[in-house]
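Scope of the values below: all heavy atoms of this structure, side chains included, with no hydrogens, waters or symmetry mates.
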Amino acid sequence: MHTTAKPHRWVIDEPDIPFEFTVLYEDERIIVIDKPHFLPTTPRGMWYRSTALIRLRERYDEPQITPAHRLDRDTAGVVVFVRDPLARGRYQMLFQEHRTTKTYECVAPARPITRPRFGTIERLDAPRVFPLRRRSRIVKDRGILQAYEEPGLVNAETVIELGVDGGCLGDRFEDNRSGNGRSANSRSADDRSGVCHTGGRLEHDRFAVDRANDWPMGDRSLVTACPMRAYTLRPRTGKTHQLRVHMNSLGLPIKGDPMYPTIIDRAYDDFLNPLQLVARTLEFTDPYTGENRRFVSQAPLDV
């Protein structure tokens, strides 16, 4: 059954967003773009023509183009659109059933992580802090800008690793953790396993690397010597604002985030401080050809 695209409302005197996407790939079924920061994926609020969807429809004169998934306006990176209405369901199901592999990169503070209020932290290469697995329950209420964590069944999971940025603070304190004066037998069972369970109260002690003597030679001046570094994020689920919430819960809010930890009221045409978060790679098996697809964003990050 052939379906037609749902018409969108018109917006009067819409502000222009002076950034354009790059087409990474196209065939008879899909178009894959590299979306810049600030450009919405689909019409919302004051944005209509200054969105990736409408610009694509106008460029190709194909009003049936629809997104297979979405990316926040603040986030740059790879986005897939479907141009064949008959193929729409199969590509959208790839994302709904988590049959894609996504890798994000971000810039955040280079400092010890804090114990989150809810959920768990699992160190995947204990006793090193990174890489770690962050699991929690994230809720986004309609009409409320921020998502938040609460007790309950886990619905969000992210693996967080140190990124490659020239050997910043994270590499230095990670490589020097053997000199902290504690033996494996002196740690608690949870400490040895690398799993940290957090309860319903905020615990202000630093997790793992910020305990006594965990910094190399006790030199905490390194925090100011290299205030920011790159991180690689591998989401296993796709909750709204998941990566931003998980990084903020560790005391590592992403650079340029206007939402976390606090909402910053910015002018609609303020493009000076983009969120330093990029959907860097996207991989999946094409549901029609069986080919392995891999797309890489070239959006820059300011480390």
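- Residue Lys102 qualifies as enclosed at atom NZ: its count of foreign heavy atoms under 6.0 Å is above 12.
- Side chain to side chain, Arg134 and Ser249 meet the donor-acceptor criterion of an N or O pair below 3.5 Å.
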* Apply side-chain hydrogen bond (donor to acceptor under 3.5 Å, both in side chains) to the pair Tyr104 and Arg234, showing each step before the final yes or no. => CA-CA 6 Å; Tyr104 289 71; Arg234 305 183 190 278; over 6 Å; no

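- Between Glu28 and Arg83 there is no salt bridge, since no side-chain N of the basic residue sits under 4.0 Å from a carboxylate O of the acidic one.
- A donor and an acceptor atom, one from each side chain of Tyr260 and His241, are located under 3.5 Å apart.
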* **Asp34 and Arg280: CA distance, side-chain angles, deciding distance, salt bridge (Lys or Arg N to Asp or Glu O under 4.0 Å) verdict** => CA-CA 9 Å; Asp34 195 352; Arg280 184 63 69 196; over 6 Å; no

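- By the 6.0 Å contact criterion, CG on Asp61 is open, its count of non-hydrogen atoms from other residues, nucleotides or ligands being 12 or less.
- Classified by interplanar angle (parallel below 30°, tilted 30° to 60°, perpendicular above 60°), the ring pair His69/Phe95 is parallel.
- Between the side chains of Glu105 and Thr232, no donor-acceptor pair is found at a separation under 3.5 Å.
- When each of Lys140, Arg117, Arg137 is checked for a salt bridge (charged side-chain N to carboxylate O under 4.0 Å, His left out) with Glu150, only Arg137 meets the rule.
- Partners of Arg59 by side-chain contact (heavy atoms from CB on, under 4.5 Å), not counting sequence neighbours, listed by chain and number: Glu20, Phe21, Val23.
- Counting only N and O atoms by type, the side chains of His246 and Ser136 include a donor and acceptor under 3.5 Å apart.
- Nearest heavy-atom pair, Ile30 versus Asp27, reported as atom, atom and distance to 0.1 Å: N-OD1, 2.8 Å.
- Between Phe271 and Phe19, a ring centre-to-centre spacing shorter than 6.0 Å is recorded.
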